[in-house]
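So you know, we letter chains A, B, ... as the sequences are listed, proteins then strands, and number each from 1.
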Amino acid sequence: MSLDKEKIKHVAKLARISVDEAKVDSLTKDLNSIFKFIEQLNELNTDKVEPLTSILNQSLRSRKDEISDGKIREKILKNSPKKNEEFFVVPKVVE
Amino acid sequence: MSNITNQSLSEILESIKSKKISSLELTQAYIKNIENAKKLNTFVTTTFDQALENAKKFDNKPNNEQLLSGVPLAVKDLFCTENVKTTAGSNILNNFVPSYESTVTKNLWNNGAFLLGKLNCDEFAMGSSNETSFFGNVINPIGDHLVPGGSSGGSSSALAADLTPATIGTDTGGSIRQPASFTGTVGLKPTYGLCSRWGIVAFASSLDQAGPMTKTVNDCSIMLEAMSGFDEKDSTSINKKKETYSKNLKDNIKGLKIGIPKEYRVDNMPKEIDELWEKGKKILKDLGAQLIDISLPHTKYALPTYYIVAPAEASSNLARYDGVRYGYRSQKGKDLIEMYENTRSEGFGDEVKRRILIGTYVLSSGYYDAYYLKAQKVRQLIKKDFDDSFTKVDAILTPSTPSSAFKIGEKTNDPVSMYLNDIFTVPVNLAGLPALSLPAGLDKQGYPLGLQLIGKALDEQKILNIGYAFEKNCGYKNEIKKWWS
């Protein structure tokens, strides 16, 4: 299959990345060559293969449902590009 | 003591212990080297004042019972360091100062080492040449026109140029082993789950693993011992007894069975790589190991599988960079969505954006089965190839890379040719296995080449032992002219 410009713009929208119109052509070319490479996998018949979902021979541990952390609001807000006392600030979403 | 910095970590530790040199003198010697090596562009951040303070503290009250007593270390800028800027080589984290320390670096400090600075790397560890970093490309000390490999290119370059006695990197598809091979140094990717991923900027969580990069195999065993171990904060950390790799290092490999996979002889591979492989086989055979031909039939599908799995995981992991909680935020855009889109477009570089788009696409509605599910199935087949082989052999010997270090700019316009550089390293990440890259010789241009030893899961000790014996008998010596200072 091949990816056209419109499809790429749609995927970029899903990924929340604005794409510069001037770069769409080269991006289309690069992504198509990558997908051509990836699609070698279609040579393989994998109908009877179970997908690998974990590389470890152990299941994920569960811990006790206890609070082990917290009260670090200042630390969490410290790196925010825009904050207001104890909140992150974003552009207005509700009129 | 003018030559202290070109010694191995274990020799340096010995000098500290016997008080031949103080931690302060050692630290000052590295700082001097770093200041003279700005051309290599290896450091994103230096922490000299903090390092000198720590060195003095050590000298006043030396504790020589630790694995890394009094030693300054620079680390890849992918490890979060408390109150020290951590960028992952990206504009989007250019102002990020973590309020916590990654488990792996904390383990190093708990063993007596302290931070010297943060090393340049490909942006979010996505690259094989250190050319995708927001902070510019790193130069290989082997030659001013050569890449140092990637993504841990700042680490490999700094180590080879004597700017740090040892270092750590991360390896998602070869990012420790390929730069080690390009700079004539030793690099180990441990078994998935041996070193904690907590506090490491995430790329592809089912593949990422931190590991040591050193001048010798003995140094590698010391660093691995210091950095590894169970961590409750990483849900995929393996809970097992801590091993003493350095104490158990042995050079007797008589009777061990070494697998030679026929699929690692690829088309257009330079003759020199083949010759190097032959040389490696001969060394191991002469040491009493038994060579066994094996087959890993799905090897050629490893890279295409990787370029579905890794971008898919990356697109999910990198969704967190929204310009709200930390990192860069664009001032452009009329609403929240546009702010997100502009932040991510301005904050990420081209290669990272490419991979996010690939990942978003293969996970999007209607395509999941065709790509991601298919890749998970092939990953199973690749793992099974290794499982089958390891019923017959103790370890596998392959080349580390299909070429020596290439020129800066040589592959930047062709992503697939760049990806092909990881052809021998990627299968190991997909199968979660440990693998060691060892310097083994030079090509006709005088550039280093490496061989790779792949082990069974959690069998690091065995590949370190084979590497140790190999190193003693290989006669490789990394002699780098310091043209930059």
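Side-chain atoms of A:Asn79 and B:Val97, non-hydrogen and from C-beta on, do get closer than 4.5 Å to each other. Using a 4.5 Å heavy-atom cutoff, the side chains of A:Pro51 and B:Lys377 are in contact. Taking the side chain as every heavy atom from C-beta outward, A:Lys7 and B:Tyr361 approach each other to under 4.5 Å. Annotation: side chain of A:Lys36 is not in contact with side chain of B:Val416 (no heavy-atom distance under 4.5 Å). For the pair B:Glu232 and A:Arg63, the minimum side-chain heavy-atom distance is 4.5 Å or more. Here the side chains of A:Ile17 and B:Thr360 are not in contact, with every heavy-atom distance at 4.5 Å or above. Side chains of B:Tyr326 and A:Lys78 form no contact here, defined as non-hydrogen atoms less than 4.5 Å apart.
With a threshold of 4.5 angstrom between heavy atoms, B:Leu318 does not approach chain A through any atom at all. Using a 4.5 Å cut-off between heavy atoms, A:Asp69 makes no contact with chain B at all. For chain A, no part of B:Leu458 is nearby; none of its heavy atoms comes within less than 4.5 Å.
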### Message
A:Val49 vs B:Lys384, test: side chain to side chain contact (heavy atoms under 4.5 Å, CB included). Steps then yes/no.
### Response
CA-CA 11 Å; A:Val49 183; B:Lys384 194 177 171 297; over 6 Å; no
>> Please evaluate residues B:Ile308 and A:Leu41 with respect to the criterion side chain to side chain contact (heavy atoms under 4.5 Å, CB included), reporting the C-alpha separation (whole Å), side-chain torsions for both, the decisive distance (0.1 Å), and the verdict.
In response: CA-CA 10 Å; B:Ile308 294 173; A:Leu41 295 188; 3.7 Å; yes
Please evaluate residues A:Leu27 and B:Leu357 with respect to the criterion side chain to side chain contact (heavy atoms under 4.5 Å, CB included), reporting the C-alpha separation (whole Å), side-chain torsions for both, the decisive distance (0.1 Å), and the verdict. CA-CA 10 Å; A:Leu27 191 59; B:Leu357 295 180; 3.6 Å; yes
